[in-house]
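What follows is a set of notes on a single structure, which appears directly below.
Lettering of chains follows the sequences in order, A, B, ..., and the numbering in each one begins at 1. Since the structure is predicted, the reported quantities are computational estimates derived from the model, not experimental observations. Side chains are part of it too, since the values below use all heavy atoms of this structure and drop only hydrogens, waters and symmetry mates.
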Protein chains: 2
Amino acid sequence: MNDVYALGIDFGTNSVRALVLNLTNGEEISSSVSNYKNGNSGILLDENNPLVARQYPGDYLESMEIAVKAAVTEAIGKNISIDEIVGIGVDTTGSTPIPVDEDLVPLALKDEFKNNLNAQAWLWKDHSSIEESEKITELSAEIRPEYIAKCGGAYSSEWFFSKILHCYNVDRTVFDAAFTWLECSDYIPAAIAGITNISDLKRNVCAAGHKAMYSKEWGGYPDEEFLGKLAPEFVELRKTLSDQAYTINETMGTLSLEWAEKFGLKAGTPIAVGALDAHIGAIGSGVGEGVLVKIIGTSTCDIMASPKDKEIKNIPGVAGVVDGSVLPGYIGIEAGQSAVGDIFNWFVSNVLNRDGDYHNVLTEKAEKLKAGQSGLLALDWNNGNRNVLADFNLTGLILGQTLHTKDYEIYRALVEATAFGALMIIERMEEYGIKIDKLVNCGGIAEKNPMVMQIYADILGRPMEVAASGQTVAMGAAIIGGFVAKKGEDGFENIEAIQSRVCEVKETNYTPNDKEHETYAQIYKLYKILHDAFGVKGYSESLFEVMKKLIEIKRTLN
Amino acid sequence: MNDVYALGIDFGTNSVRALVLNLTNGEEISSSVSNYKNGNSGILLDENNPLVARQYPGDYLESMEIAVKAAVTEAIGKNISIDEIVGIGVDTTGSTPIPVDEDLVPLALKDEFKNNLNAQAWLWKDHSSIEESEKITELSAEIRPEYIAKCGGAYSSEWFFSKILHCYNVDRTVFDAAFTWLECSDYIPAAIAGITNISDLKRNVCAAGHKAMYSKEWGGYPDEEFLGKLAPEFVELRKTLSDQAYTINETMGTLSLEWAEKFGLKAGTPIAVGALDAHIGAIGSGVGEGVLVKIIGTSTCDIMASPKDKEIKNIPGVAGVVDGSVLPGYIGIEAGQSAVGDIFNWFVSNVLNRDGDYHNVLTEKAEKLKAGQSGLLALDWNNGNRNVLADFNLTGLILGQTLHTKDYEIYRALVEATAFGALMIIERMEEYGIKIDKLVNCGGIAEKNPMVMQIYADILGRPMEVAASGQTVAMGAAIIGGFVAKKGEDGFENIEAIQSRVCEVKETNYTPNDKEHETYAQIYKLYKILHDAFGVKGYSESLFEVMKKLIEIKRTLN
């Protein structure tokens with residue numbers, strides 16, 4: 001088999017990464033990262049509203065050009081010909097909708113809208129649309145319960161229609177000027193393919209299904225009657241949303257002459273349909289039947305692909321179940337925790353008032369503790385609970401403190417809380433028939449924090465494997481780029497065929513310690529009591545034993 | 001009325017204070033403090049057992065001599081004659097039992113026991129006797145429920161018989177060598193009166209009633225059958241415990257020649273029966289009908305004197321109800337919280353790893369917050385709950401944290417938690433018929449921390465007055481010393497007559513803000529739900545609304 005290369009372009013929250021990958025053996029030939037230029041680490045903020053988080057679409061284009069050019073130049077320097085770089089894949093954050101004109105050009109690229117925050121890309125973590133999300137959830141519960149059943153029971157303020165409706169409510173000029181709205185993961189591949197007509201656009205099912213209530217079960221996006229009840233003008237918007245969304249094994253188009261010159265690649269190179277970064281990261285980490293990929297960073301994303309014969313339509317409390325959103329031909333499942341590393345960072349920076357290095361100080365002491373030794377138990381809800389409660393009107397909790405409790409004990413309890421939260425999600429998936437044989441982890445925490453990973457192994461009671469590559473998302477993008485170029489050829493029968501050559505885990509994984517797991521199993525029972533007591537309406541079991549049992553577990557250790 | 005002076009000697013945990021007080025007008029003539037010499041700030045520790053806290057009785061005598069001599073010398077320098085110093089009162093910590101020989105000399109003063117920790121004074125905060133306290137509680141529940149009903153439902157590891165039984169269990173040599181055990185508050189006045197015969201000793205009802213289950217209702221101390229079931233040798237011990245205990249309006253004896261010389265006072269000066277520091281502090285703060293005195297420091301003590309016609313026998317969950325333990329002729333009530341300032345210190349030193357000055361940094365920001373603004377709610381149980389749950393198998397809790405929660409918000413939530421805990425005690429007292437018209441506060445926090453006091457006023461919904469003197473305990477001791485000397489004379493009809501001349505509150509008190517009180521009343525309801533959910537067996541109300549209601553209260557403020 002001859003060497004085949006592809007380009008992956010991965011748009012993160014603060015920067016874009018380009019990677020040239022050898023699809024024959026997984027060798028990472030060259031990569032480059034370019035930070036977005038404007039705003040605070042690339043994010044445009046509103047002084048008067050801390051919930052606002054936007055991005056200038058021009059930054060995407062400029063940084064992409066810099067990163068791709070650098071990666072391609074480096075690859076060429078390693079004697080790779082541009083003829084051998086056969087395809088391009090793109091992933092981005094999401095839901096990050098961008099208002100565009102009839103030519104699919106972002107309004108923000110025009111002088112009149114350049115300085116209007118509402119005309120920019122509405123970054124995934126923009127939370128200004130809480131009221132709109134509640135309205136959408138209510139309307140759906142009332143007249144289209146199937147819509148929200150598929151996304152875990154509630155429509156998020158982070159998602160497509162919440163954001164567009166908020167724009168409608170606060171800035172009618174921008175709303176009216178927009179011909180339609182594109183997910184960033186559709187806009188970028190369309191832009192570099194030179195697509196300027198909505199009829200040529202292939203919106204991706206990953207963003208459409210997980211963020212915009214798209215499903216074949218009801219003929220695509222929500223219907224006009226439903227959208228029209230949110231705002232009459234949404235009936236027109238609906239007409240610009242296709243009835244068909246596409247999986248990543250489809251081709252969005254081919255590289256335009258303009259972008260071929262900017263990248264230093266061949267015009268006409270196929271470009272895959274886009275997808276969200278977490279899902280593409282899962283591809284790069286080897287997601288497949290029985291393999292749960294956990295992307296653990298400031299928050300956590302859990303991605304699974306389940307065979308269709310299982311007939312999994314909904315998993316209550318799990319954010320999304322979307323046909324084809326991960327691997328084509330499989331049911332894609334996306335769940336997650338709304339804050340993980342963010343909770344550890346909160347404790348260090350907001351409570352202890354220390355800088356990032358203090359994580360190491362705390363970790364050094366915390367990793368010496370045994371399960372149950374601190375006597376502490378926490379709930380990981382400082383940023384609400386995405387799964388399995390799908391409730392953001394929740395807050396953090398910690399109990400078990402004595403007059404001797406130390407900072408590093410609290411730190412460890414917070415780590416443990418996120419692991420207990422992770423276990424709740426896994427148990428819920430299994431309860432609904434998803435088979436999980438293997439856990440592959442990636443993301444900053446999986447790569448850099450052995451204590452956290454060992455605690456996860458001990459609490460989950462399963463080995464925690466870690467993806468070998470530090471850039472699994474860009475790898476996933478390169479995989480889909482290469483696939484659409486070589487689809488059907490030997491070794492390119494399906495995406496899994498490429499994964500089997502390219503995706504590896506590190507040799508050393510984290511294995512659960514039986515004794516620790518046994519103790520954590522007792523504490524997890526208490527976690528579930530707290531979880532349900534504060535999170536589930538109508539729960540009325542006694543909490544009297546919670547503190548006493550923690551004291552008893554601690555005493556038993558001594 | 002001619003000026004009359006008395007000497008108060010107040011034994012604290014780390015030092016002794018002597019005060020010469022003018023009983024005619026409350027003028028504090030002279031005072032002096034002397035730290036105990038041995039151990040860690042006067043406390044003898046056991047490297048192998050963090051629960052041990054003992055004191056060398058010789059330190060009491062030596063420091064007392066230094067402090068009294070200095071105060072008396074200073075008073076004489078102000079032209080006060082020693083003839084005018086008419087009486088002496090003594091208070092000490094407790095329960096602080098000391099094993100003594102037949103001449104009432106502490107075993108620790110003999111060479112053979114000097115270095116034996118078990119032969120020392122067992123300081124109030126020694127917690128080595130937990131198992132023994134549980135045994136006593138169980139036995140009492142089984143055969144003498146009336147004993148523990150009077151002390152809140154559980155016999156503490158800090159108390160008289162727990163400690164003696166622990167000594168019996170771990171060091172039979174000391175136990176056997178002891179003729180009897182004296183509370184420190186009996187030992188000191190007896191020592192300076194030169195009492196060497198048990199038949200001349202007047203044990204005080206304050207320590208006997210609150211710490212040793214003494215009550216006239218059952219003929220004094222627990223009976224021989226009960227004590228004999230703890231250990232057969234306790235039957236002999238019982239014979240050394242008088243059937244009669246005495247109130248502070250009685251005279252223990254008069255100053256011996258030896259101690260008169262050491263003090264520079266007249267031999268024959270009357271010495272009042274002793275009492276515990278909190279109760280004597282309450283006397284110095286003006287305790288009386290309708291006046292609750294709160295001594296707020298590392299922990300909090302609540303002292304009341306209730307008229308006998310109320311027939312208050314027990315208040316469930318309130319530590320002690322003892323006839324005459326505060327003011328003679330009244331029912332003395334002692335309640336408290338096992339950690340208050342200790343919780344604030346814990347947060348600053350163990351969690352934040354900062355020094356004492358950091359309290360000011362946190363206070364400066366925390367005092368700007370409004371009720372409900374942090375969205376946090378805590379339970380003040382880091383050192384268990386003395387009242388109203390009388391359960392030390394409980395721990396701290398804090399909830400309501402977001403990713404934005406700051407250190408000073410947590411600090412304030414901890415302060416609020418102690419105030420909610422204080423309100424629980426007040427409500428329990430009122431529920432059992434105690435009338436509280438006025439709150440007078442003393443102790444380090446009452447004197448030095450306006451933020452804490454204002455929060456208490458806002459949460460309790462009552463003005464918080466602060467005792468004018470910074471040494472109310474020594475004042476109380478001087479009051480009882482003067483009273484026994486002049487009992488029955490004009491202006492000395494009873495202790496209250498002296499209090500009315502001597503005890504004053506500061507001009508500025510802390511007045512509740514209506515709006516803050518209203519918000520806190522909502523949060524207090526949530527505190528009670530948490531309190532009962534974790535603290536009361538069989539409680540099964542839903543906690544689902546707790547976090548949501550806190551979020552709602554916070555949002556309403558904005």
For chain B, find which of [options] contributes the most heavy-atom pairs closer than 4.5 angstrom.
options	value
A:N353, A:N350, A:I410, A:I343	A:N350
A:L403, A:I551, A:D532	A:L403
A:T395, A:D342, A:L394	A:T395

Rounded to the nearest 0.5 angstrom, the CD1-CG distance for B:I553 and B:L526 is 5.5 Å

Examine whether an atom of [X] lies under 4.5 Å from a heavy atom of chain A, and if so say whether it belongs to the side chain, the backbone or both; otherwise answer neither.
X	result
B:I398	both
B:V351	both
B:L376	neither
B:I529	neither

Could you tell me if the side chain of [Y] sits less than 4.5 Å from the side chain of [X], heavy atoms only?
X	Y	value
A:W381	B:Q401	no
A:L550	A:I523	yes
A:T13	A:W124	yes
A:M451	A:V415	yes

Is [X] in contact with chain B via its backbone, its side chain, both, or neither, using a 4.5 Å heavy-atom distance?
X	result
A:Y539	backbone
A:F344	neither
A:N345	neither
A:L377	neither
A:L352	both

Using the benzene-type ring in the case of Trp, are the ring centres of B:W346 and A:H404 under 6.0 Å apart?
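No: the rings miss the under 6.0 Å criterion.
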
Looking at the rings of B:H359 and B:Y411, which for Trp means the six-membered one, are their centres under 6.0 Å apart?
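Yes.
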
Identify which of [options] forms the greatest number of heavy-atom pairs closer than 4.5 Å to chain A.
options	answer
B:N383, B:V546, B:T402	B:T402
B:S542, B:G535, B:G538	B:G535
B:T405, B:D391, B:L379	B:T405

Charged N-O contact under 4.0 Å between A:E416 and A:R412:
yes

Could you tell me whether A:E552 and A:K548 have a side-chain N and a carboxylate O separated by less than 4.0 Å?
no

Run through B:D355, B:L362, B:D407 and flag the one making a side-chain contact (heavy atoms from CB on, under 4.5 Å) with B:V348.
B:L362

